[in-house]
Each structure stands twice: as structure tokens, then as C-alpha cells.
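What follows is a set of notes on a single structure, which appears directly below.
For clarity, every value in this text was computed on a predicted model and none was experimentally measured. Lettering of chains follows the sequences in order, A, B, ..., and the numbering in each one begins at 1.
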Amino acid sequence: MKPFITHTGLVLPLDRVNVDTDQMVPKQFLKALTRQGFGRILFYDWRYLAGEKPNPEFILNFPQFAGASLLLTRANFGCGSSREHAPWAIGDYGFRVILAPSYADIFYNNCFKNGILPAELSEAQIEELFQRAEKYPGYQLSIDLPNQTVSDNYGLTYKFAILPSRKEVLLEGLDDIATTMKHEPEITAYEKTHAATATMFDQVDVKNYS
Amino acid sequence: MTDYMTNNASPKTLYQKIWDAHLVREEAGQPSIIYIDRHLVHEGTSPQAFAGLRAEGRKVRRPDLTFAVMDHSVSTTDRTLPILDQDAKLQFEALEKNCRESGVRLFDMNSKNQGIVHIIGPELGITQPGQTIVCGDSHTSTHGAFGTLAFGIGTSEVEHVLATQCLVQSKSKTMHIVVNGKRPKGVTAKDIILAIIGKIGIGGGTSHVVEYAGQAIRELSMEGRMTVCNMTVEAGARAGMVAPDETTFKYLEGRPFVPRGKEFQEAVARWKQLPSDPGAKFDVTVELQAEQIAPQVTWGTNPGMVSGVTARVPDPHDFKDLNDQKATERALHYMGLKAGTPIVDIPVDRVFIGSCTNSRIDDLRAAAHFVAGKHVNKSIKQALIVPGSRGIKAQAEKEGLDKIFTDAGFEWRDAGCSMCIGMNADVLPPNERSASTSNRNFEGRQGRDSRTHLVSPVMAAAAAIAGHFVDIRDFALESVE
Ligand code: SF4
């Protein structure tokens, strides 16, 4: 995974609460076999009219936000389905950072697996960023992950909170599986001492159960 | 033997006990590695995980603890017909190949045990108290009804569990939701959980694991407890749980993957240690009074936009928060509803009784009981009954429920996710309105521009008969469970 250290880019303000993952990637795109190419269909039903004509009323289609890499949005972002296709689409579209007052748990977790930083700010700070994004055309923000700051070119700097372990995953672009596999002896030891739950009962009729 | 016993000096919650019993590695300031007892897999969220394993030359560590099923895109009509949806077909083939190569047990679409992943886990006894269970699916919370720590994960984590049988997790906060008193007639488990979500909001449970308690929860069948835990994720919570009791043990005894005889007795003895100790502390407590809960109907585009059936569609200005006002306005526009309309005046186009929330035998019995001798209203375009599993389908047919439904004008289908998500041919057309027993009324969930109202199975059945929502309590109440 690509490490995340600092990032500066254009802000796209998506002024909605409770944006669910069904909106990011509707179900017809869950039949894919790979992780690639989801950027084109991000927010599909909002973004396209019949015949995949871009909906001129949806912000992703506004020319001034082309190339945006920071997604500014409202509370409980990413609620609903656990589909990781949602962060795949967000990342593939080109977003590297999300800024919101709160996130749904599974989505939040999925972001870190894909090198996307879901930064959490207070409601008031997010509101201020929405106002600035409206006031200043081409509004940009800079993220400094080591120092946990968000800042703009107009003197604003906010600190955001992130668990040290989460921060490390992004900074180093860690592969979790390899990290866990280093503890293989502990996993094997666990399996030995917890046979009651960590084994499958070998019942007669289980054998041919399919 | 896993021992959940604690000393009285430090009382533990059910969640804490399961957590402690599954710690593989704990390090200060770092998330822990916890062991996963059962890993459930379906065709939608697993192909990329298996592909990832293959790319790294890794193997499935515990195929014996991994169970796969085809459910999301399967047809609910004739499965001997060729699969026309090429993408779905490729996904089925991928799952089959992945399971064959890794030795994972697969319930394919022709298995007599096939069904929705969260239905068959409990039904086959794969789900047991005190376990940790994960699946690349948010409604994994369903399994918590057994006193199990069960939650949804993303595809990268599916890959992680396949490779290591472990997950890297931080401990959640705990929420105690106590539903006191006795559930009135006509009020079901679905109404209880919708009322809870209405009260705490769809983000109300974020970063918490919920334990349910109180008389109204204790008196629910396992099916009802599963409905409650299933939709716990719609309140944003990580997982929902109900402590195991005699109802749980009775449900499990004799199921295929549950130990037998002496081993079962030993398991029950272990499971009896699971309930939260007296005095165990929760981070948050929420209390509801069951007598005050009415049959619920959602009017908006998330499960928290819900009210009692006797209410009216709200006005955006009823809400204090500006964001809520905007969201309500948007939702009413999407749903084609006018503020102030009585809920019972909302007409329905299609009815869907199914999904991992409400497609179990109890749900079908309750709906059949209500529709017996009645007929689906002429204004209804389609009324679907989709059993959650082929096991449930067979049981219902043994009881003659299929006949009751088809006589009343319902379609009787094969098992799968169906119109809950519309990944197969069962799609709700644009601008049409459903009474649905599923769990999500998000924009486009059942089909692009479709309008979903979430209700209980009896409320859906009643809407099918009347052509619009009705207060089930107005009918002969003896006939309602
Ligand atoms: S029935 Fe619906 S909610 Fe349940 S697993 Fe299937 S698609 Fe998901």
C-alpha cells in the first residue's frame, strides 16, 4: 500500500449527512471480481442520468471540482453496507482524504486498508470548512499526518485526532496480514489451548453436509 | 475448555468475556489480535480476498472454520435455467473455484441447505454462543442473538481472516439497551428494533457493541432476537448481542453443527457462564418501555426515519437541526411523500416479505396466519414471499404455508437475498413503493429510484391485503402473534 504522509489538494464539499455506501457503489457494481476501476461509478445514481449522461446538478460533475482529492462531508459518512467497494471507488476516483465529523465503523476501518485518510474534525470545524469552500474558489487544504493538522492558505489550521496505531498503518503503508503472520506461534498456541471453540466438532452428519 | 468464569471483584460484560477468551495477542497502545471461530463467506465480497491471497501465495489457514454460500445474486425462481447475468455467473464460478481449491465448505445454489448467509449460520448450528463470527457483510450482527460476538468486515479483512483466522481489533465501547415490560399484541421484534433506531438514531450506536436486555427481549424467540440483532448495525453499532438462555439452548440442540450428547451438555455448561455478571458496567444505557411501542413504518431514506403507524409523515421543520431538516426534505422528495400525510394513507405497489431480517419460519407463520382466507389487493402489482433458506422453505411447505400464500395471491419463491438488495431479477422499479420486511430503505437500495418502507412481516402482509399501510392492531388481535 502507498504510504500517506502529507497531501495538498482541491476540496470537494458534499453537503449531506448520513451518506451510505449504497450511494457510493450501488449493488449492480458488486458483481466485480477485482478491486480496480470503481472510480468511474462512484456515486453512480447521483452522478449519472439515464444513459450514463452526467447529471449537471451533482457536484462531482461541476467543472470547478475536477481533480479534487479531498472530500469534505457531514456526519456518519459511510453508514450501511460493509462493502469495501466504497473506499475502492473513493480512492480510484482520486480522493486521498475525507473530512467529516464522524464515520460509520466498518467504512472507517476499510479506508485504512486502502491508504485513504478519514480525518475527523468537530461539527463546528467542518461547518467552517464548508463555508470557506464556498467562499474561496479552488479552495485547497493541506494535510500533515505526522503532525495531525489540516490547514488552508488563509491562516486556518486544525488538529485532528487519530489513533497512533492507525496513523502508523498509513504512514508506513503496512500490510496487516504480513504483520499478523509474524505472530504465527501465538496463533498456533491459541488454537491448542482453545480447542472447544477453535475447532469444528466432528459430527457424523457434518461430514457430508453441503 | 474455554472458561468464561470471572471473579466477583471485577464483574464483566458478555462482550468482555468473549473478548478476553479470544485474545491471541495484547500489547499496550496497540490494537489486539483476536481469534475468529467462524468465518462466513458469500459470493459478493469474497472474490477479491481470495485473489489477494493467491497473489501473495498465501493459503486459507482454517478451511474447516470457513463456510461459504451463494445468496446475494441467486435466482429465486427456477435454478435449473441458465444464468443470464454474466457478472453474477462469473462470481458464482469464482466462489466455487475458490472453495474447491482451498477446501472450504460451500453451500451452492443447488444445495438443500442454501440460504442467506445470516439465516443458515444459526439454522445449521454453525453459530454458537461465546464464539467470534465475522463475514464480509454488515448484517453479521444477526448472529449476536446467540450471545456471540459477530460483526461485518470489509474485503481486506476477509482476506486477513482467510490467511490468519485472526483479526486486528480495538475494543469497542459498550451500550446496554434495556427493553422493559411486555410487548403488546401486533408489535414484533422488528417494531422493537425500528423504535430503538428511531430513538438513538442511525449513528447512535457508532463504535459501540450493544447488549440487549429486559423482559421484552427475553420473551422473544430466537428468530425475534435475530431480527433485533440484525438491524443493530442500522443504528451504527459494531455488533448486537443477547445473552444466551434456555431459549437459545433449546433452539440449538440437535442442529447439524452443534455437538451432541455429553459434548452438548458441556457446551451448555460453558455457555451458561456467558451472561454479563451482576454489576458489570456499560458505557451507555438506553431504556425503552415495550408497552409504548407501536407497529413501525419508515417514511424516509434511512432506517432512523421511522414512526409509529398512527403518525403522519413529518415536516422538515419539525426538526431542530439544520442538517436534519435538509435530509428530511431530500428524503420526502425522493420518497414522493407530502409532509402531514397519515402513514396509513400511503398506498403500496409491491410487497416483499424476505431478507435476513424477517424471512424465518416465525415470520412466515405470522404473515400466513394473517393472510389466510384473504386476498392480495387488486392495486398491488406484486407480492413476494422469499424464505431465508431452503430449509425454511421446506419447513413452510410442510406446514402448508406456501399454499396459504399462493391462494391469497402471493408469489412463493426460492431462497436468497432477492429484493432486499435487488442483485438478481427481483428489483423494485423506479418510483414504485414497497412495503418491505428488509433492513435498508436507502435511496436505490431495492432498485434505482425505488421507494422502500420498512415494516414487520404482519404489517407487510396487511399492506398487501389492504393496498396501503394499516394499523395491524385494528384487526382481530387474536389472529396476530
Ligand atoms: S438479505 Fe439483504 S441485508 Fe441480508 S445479507 Fe442479503 S442483501 Fe444483505
Side-chain angles (χ1 to χ4, degrees), chain A residues 15-18 20 22-23 26-28 30-35 45-46 74-76 79-85 87-88 102-107 109-110 113-114 163-165 175-181 183-184 186-187 189-191 194-201 203 205-206 209-210, chain B residues 1-2 24-25 29-31 33 35 37 44-45 47-48 51 58 64-65 73 87-88 90-91 94 105-107 111 113 130-131 136-138 152-156 159-160 163-166 168 202-203 206-207 236 238 256-257 259-260 263 270 302 323 327 421-423 440 442-445 448:
Chain A
D15 192 2
R16 288 182 193 182
V17 280
N18 300 321
D20 61 79
D22 273 69
Q23 306 318 316
K27 73 273 193 122
Q28 65 268 34
L30 302 182
K31 292 174 191 162
L33 297 176
T34 66
R35 298 171 192 241
D45 286 357
W46 290 347
R74 300 282 185 185
N76 199 29
C79 60
S81 161
S82 61
R83 58 190 72 167
E84 198 168 313
H85 309 66
W88 294 339
S102 59
Y103 299 87
D105 292 336
I106 306 176
F107 175 83
N109 198 31
N110 283 341
K113 312 283 177 194
N114 294 281
L163 272 180
S165 54
D175 171 3
D176 302 7
I177 299 181
T179 312
T180 300
M181 279 180 147
H183 303 295
E184 155 68 28
E186 283 148 283
I187 302 174
Y190 179 91
E191 284 171 332
H194 291 73
T197 45
T199 51
M200 182 50 64
F201 289 97
Q203 294 295 321
D205 58 347
V206 165
Y209 234 81
S210 68
Chain B
M1 188 200 274
T2 312
V24 171
R25 184 186 168 83
Q30 290 294 321
I33 299 180
Y35 199 80
D37 295 321
T45 53
Q48 295 88 349
R58 291 170 176 149
D64 58 327
L65 302 183
S73 305
D87 292 338
L90 288 172
Q91 246 184 10
R105 191 187 301 263
L106 167 67
F107 301 102
S111 162
N113 300 302
Q131 292 173 334
D137 195 285
S138 57
I153 55 178
T155 296
S156 295
E159 187 178 331
H160 192 283
T164 65
Q165 201 59 31
C166 291
V168 179
I202 63 168
T206 304
S207 67
R238 200 81 183 102
F257 288 84
R260 301 285 158 90
E263 277 191 325
R270 264 198 325 274
N302 71 52
N323 285 320
I421 190 163
M423 283 179 70
R440 285 191 177 132
F442 294 151
E443 288 183 29
R445 172 76 178 184
R448 188 167 184 165

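When heavy atoms are compared at a cutoff of 4.5 Å, Arg35(A) approaches chain B by way of both its backbone and its side chain. With a 4.5 Å cut-off on non-hydrogen atoms, Arg448(B) touches chain A through its backbone and its side chain both. Only the side chain of Ile33(B) comes within contact range of chain A, with at least one heavy atom under 4.5 Å from a heavy atom of that chain. Ala189(A) does not touch chain B: none of its heavy atoms, backbone or side chain, sits under 4.5 Å away. Contacts of Thr34(A) with chain B are made by backbone atoms alone, with heavy-atom separations under 4.5 Å and no side-chain atom involved. Looking at Phe107(A), there are no atoms closer than 4.5 Å to chain B (heavy atoms on both sides), in backbone or side chain. For Asp176(A), the parts lying under 4.5 angstrom from a heavy atom of chain B are both the backbone and the side chain. Contact annotation for Val168(B): only side-chain heavy atoms (C-beta onward) come within less than 4.5 Å of a heavy atom of chain A. Of the two parts of Asp45(A), the backbone and the side chain both hold a non-hydrogen atom closer than 4.5 Å to a non-hydrogen atom of chain B.
Put simply, of Gly236(B), Gly130(B), Gly152(B), the one with the most heavy-atom pairs under 4.5 Å next to chain A is Gly152(B). By number of non-hydrogen pairs under 4.5 angstrom with chain B, the leading residue of Ser81(A), Cys79(A), Ala104(A) is Ser81(A). Ranked by heavy-atom pairs shorter than 4.5 Å toward chain A, the options Thr45(B), Asn323(B), Ile153(B), Asp87(B) are led by Asn323(B). Note: Ser156(B) leads Pro47(B), Ala163(B), Ser156(B) in heavy-atom pairs under 4.5 Å with chain A. Counting heavy-atom pairs closer than 4.5 Å to chain B, the top-ranked of the candidates His85(A), His183(A), Arg83(A), Lys113(A) is His183(A). Among the candidates Gln165(B), Gln131(B), Arg238(B), Gln30(B), the residue making the largest number of heavy-atom pairs closer than 4.5 Å to chain A is Arg238(B).
The salt bridge (charged side-chain N to carboxylate O under 4.0 Å, His left out) search around Arg25(B) returns Glu186(A), Glu27(B), not counting sequence neighbours. Asn18(A) meets the side-chain hydrogen bond (donor to acceptor under 3.5 Å, both in side chains) test with Asn76(A); sequence neighbours excluded.
Remark: the backbone N or O of Ser207(B) is paired with a side-chain donor or acceptor of Asp105(A) at under 3.5 angstrom. A distance-only check finds a donor-acceptor pair linking the side chain of Gln91(B) to the backbone of Ala32(A) [under 3.5 Å]. Listed for the Glu84(A) side chain is no donor-acceptor partner under 3.5 Å among the backbone atoms of Asn110(A).
The minimum heavy-atom distance linking Asp37(B) with Leu65(B) is given by the pair O-CB, 3.5 Å. The minimum heavy-atom distance between Ser73(B) and Ala88(B), with the atom names listed, is CB-CB, 3.9 Å.
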In sequence, state the C-alpha distance, the side-chain angles, and the governing distance for Thr206(B) and Ser102(A), and then conclude on side chain to side chain contact (heavy atoms under 4.5 Å, CB included). CA-CA 9 Å; Thr206(B) 304; Ser102(A) 59; 6.0 Å; no
Working for side chain to side chain contact (heavy atoms under 4.5 Å, CB included), residues Gln48(B) and Leu33(A): CA-CA 6 Å; Gln48(B) 295 88 349; Leu33(A) 297 176; 5.7 Å; no
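The existence of a salt bridge linking Asp15(A) and Arg74(A) is confirmed by a sub-4.0 Å separation between a basic side-chain nitrogen and an acidic carboxylate oxygen.
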